[in-house]
Amino acid sequence: MNNRPHHLHKIACISLFFLAQANAKPEAQHTHENATEECAKPVKEQKADSKNGSENATDPKQKGEESEKSEEKPKGSKKEEESKAKTHEAKREPLYVKLNLEGVFESARMSEVSVNAKSWGELTVLEAKPQGAVVKKGEQLVKFDFEKIDEKISNLRYDLRLLDLDRSIAVADLKLAEAIAPIKLSEIERKEKYSKEDLARYEKIKSPFNKRAAAMSLKNYEDTLAYAQEELKQLKKMYEADDLTEETEEIILVRAQRTVDRAKFSLEGAKIRNEDALKINIPREDLETKEKAKRDELSSRALRKIQPIELEKKQLESKKLAEQHKKASENLARLETDRKTMTVPSPTSGVLYRGTFERGKWSGDTALKARFRKGGMLKPYEVFMTVVESKPLFVRAFLPEADLRRLKKGCEGKIKSKAFPDQKLTGSIREVSGVPVSPGKFELLIDVSMPKETRGILPGMSCQLQFLVYENEEAIVVPASAVFSERKDEDNKFVYLHREGKKPKKQTVKTGEKSGENIEILEGLKAGKKILAEKPKN
């Protein structure tokens, strides 16, 4: 009977040990330590704890129901609750912080393919190399329809020849105009001089003479009539005194009379002509002569202005033809260059991708499939193909802004291809972008060390990167869930120190890096100390 307490004590220890093994979870170590502590308790307490442990090992649903019932029971004393509170021990162990990123393999030598046609915009496809084709440098990638551009080039050549002829004529005409210009100017001045001289001579000599000539002509007719009348009068007197027969007298007198009549008629006409000359013809001639002189003067003035303008116009026309010839020549040269670029030779040897690569990611060829068929249309300066060399490769990845402080140029890490995870690669950061490439993202360029036996990795494939950004071989770690923050200041961290038989103590700590579920304690807590896993209820 005296050995019975000792025997019960052993049974309780064994029960608690198997209970810890059945509940093998993150708190297994904690349970095992508690089991060891329980061995030191009095037998009665151990029996009670053993009973509770066996009850806790029952079905989870039953356990939940019993926990609900237990909540309905009156709560125990504060010390009992604290003795049952779950705890964690601050341990000294290695802490490693690893940063995992997603990346894409990218070729360091990628050549974009486009038709940089400066003038011709109609790129009609007849045939195109397929996606994934292995091509050699200079090999034709796309075959275009040249019919329309060849016709355009032929027409431009004819137009250029016509412009050559027009320009030759214009140059010759300009040289002639420049040579004649002084002669024309001299002619203008001479005509103006002659006009002035003619007007002065007319006013001084001809106009007065015309008036005197009209008067003289009238006087001549008057004199002729007077002479005829006088002769007739004398004949009558003579015939009355002589012995001539009457028949002879009659004939002579009739003739004389007729002469007088003609003289009268002529005088009448002379008077009319004299009146016309003085009142109509001479005044009109005076006016016309003066107007002609005025016209000549105005014409001379105009010709003085027009003649240099006409010369300048011919010079401008000659320059215009020269410019047109120059532009036509340039257009022809551009079209001929465009036609050469439309042969689309491969810029390098490699694998052909239809589409583009944007920061290592292939755009795909879905949008280009229809346009690469016969009759499809491509655009000038549009990148529609990329020739990729398989080596050398590098990795492009994106670093979250929150982790920017962790990586820098020269940092090394592990690289694992998603397609070939068994191939272990390493890489070194070549460049970290100085500014974000997208909101909250910075760009990493990583040089890859690829052993000779590496196979199958191609540009555009995805990979995973891992960098060891922090390590401490003797870090003090606790579960991050057991570290709490002040409500007023979340940067102020604290834990609750477990004190056997006493009220837990709130202890301010300074935390470091976090790895998984654990966090590093830099100040405020020593290894081996126990802390509460949860905040005390009271």
Side-chain angles (χ1 to χ4, degrees), residues 26 93-108 110 355-364 388 392-450 457-473 475-494 509-523:
E93 60 184 38
L95 179 74
Y96 305 106
V97 179
K98 297 177 182 179
L99 178 62
N100 297 312
L101 300 173
E102 296 288 328
V104 178
F105 286 104
E106 186 173 343
S107 173
M110 295 193 295
T356 60
F357 281 82
E358 180 64 27
R359 298 191 181 278
K361 291 188 177 181
W362 178 44
S363 64
V388 179
L393 295 178
F394 69 94
V395 172
R396 188 186 299 270
F398 297 97
L399 179 67
E401 185 177 334
D403 296 316
L404 182 62
R405 60 186 174 84
R406 297 184 180 276
L407 294 179
K408 61 181 179 179
K409 181 179 178 180
C411 289
E412 296 184 351
K414 297 179 181 179
I415 302 173
K416 185 185 294 184
S417 167
K418 290 185 179 180
F420 304 99
D422 293 337
Q423 297 186 25
K424 308 299 182 182
L425 307 175
T426 60
S428 174
I429 296 177
R430 182 209 315 164
E431 182 182 342
V432 181
S433 64
V435 294
V437 294
S438 63
K441 298 285 185 180
F442 286 76
E443 188 176 64
L444 296 180
L445 301 182
I446 302 102
D447 290 325
V448 184
S449 298
M450 301 186 71
I457 298 178
L458 299 173
M461 286 185 171
S462 299
C463 64
Q464 294 177 332
L465 300 98
Q466 188 179 84
F467 294 93
L468 180 62
V469 296
Y470 181 80
E471 60 179 321
N472 187 349
E473 296 293 339
I476 298 175
V477 297
V478 297
S481 59
V483 179
F484 310 102
S485 301
E486 296 287 357
R487 291 183 179 180
K488 292 182 179 181
D489 187 357
E490 293 185 355
D491 291 335
N492 286 341
K493 307 291 184 180
F494 63 90
V509 295
K510 181 180 179 181
T511 58
E513 296 290 341
K514 183 180 178 183
S515 178
E517 296 180 354
N518 292 334
I519 191 168
E520 180 184 23
I521 302 297
L522 299 177
E523 296 178 6

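Only this structure's heavy atoms are used, side chains among them; waters, hydrogens and symmetry mates stay out. Nothing here was measured: the structure is a model prediction, and the numbers come from that model.
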Does any N or O in the side chain of S433 come within less than 3.5 Å of the main-chain N or O of F442, such that one atom is a donor and the other an acceptor?
-> no
Heavy-atom closest pair, residues P459 and V388 = CG-CG1, 3.4 Å
For the residue pair T511 and I521, establish whether any side-chain heavy-atom pair is separated by less than 4.5 Å.
-> yes
Would you say K493 has more than 12 foreign heavy atoms packed within less than 6.0 Å of its NZ?
-> yes
Starting from the C-alpha separation in whole Å, work towards a yes-or-no answer on side-chain contact (heavy atoms from CB on, under 4.5 Å) for E520 and V97.
-> CA-CA 11 Å; E520 180 184 23; V97 179; over 6 Å; no
Got more than 12 heavy atoms from elsewhere within 6.0 Å of CD, E358?
-> no
Is the number of heavy atoms from other residues, nucleotides or ligands within 6.0 Å of NZ (K418) greater than 12?
-> yes
Quick one: are S428 and E412 in side-chain contact, heavy atoms under 4.5 Å?
-> yes
Would you name the heavy atoms of A475 and L95 that are closest together and state the gap between them?
-> CB-CB, 3.7 Å
Is it true that atom CD of E401 has more than 12 heavy atoms of other residues, nucleotides or ligands lying nearer than 6.0 Å?
-> no
Do R430 and F394 meet the cation-pi criteria used here (NZ or CZ under 6.0 Å from the six-membered ring centre, within 45° of the axis)?
-> yes
Test N492 against F494 for side-chain contact (heavy atoms from CB on, under 4.5 Å), laying out the working first.
-> CA-CA 7 Å; N492 286 341; F494 63 90; over 6 Å; no
Quick check: does any side chain N or O of T356 sit under 3.5 Å from a backbone N or O of S363, one acting as donor and the other as acceptor?
-> no
Might you point out which heavy atoms bring E102 and A397 nearest each other, and give the distance in Å?
-> O-CB, 3.5 Å
Check the surroundings of atom NZ in K424: do more than 12 heavy atoms from other residues, nucleotides or ligands lie under 6.0 Å from it?
-> yes
Which atoms form the tightest heavy-atom contact between L407 and V469, and what is the distance?
-> CD2-CG1, 3.9 Å
Residues L458 and F105: closest non-hydrogen pair is O-CB, 3.8 Å
Please test N518 against E93 for side-chain contact (heavy atoms from CB on, under 4.5 Å), starting from the C-alpha separation and ending with a verdict.
-> CA-CA 11 Å; N518 292 334; E93 60 184 38; 4.0 Å; yes
Do F467 and L101 pass the side-chain contact (heavy atoms from CB on, under 4.5 Å) test, and can you show the C-alpha distance, the side-chain angles, and the key distance before you say yes or no?
-> CA-CA 8 Å; F467 294 93; L101 300 173; 4.3 Å; yes
What pair of heavy atoms forms the shortest contact from V395 to C463, and how long is it?
-> CG1-SG, 3.8 Å
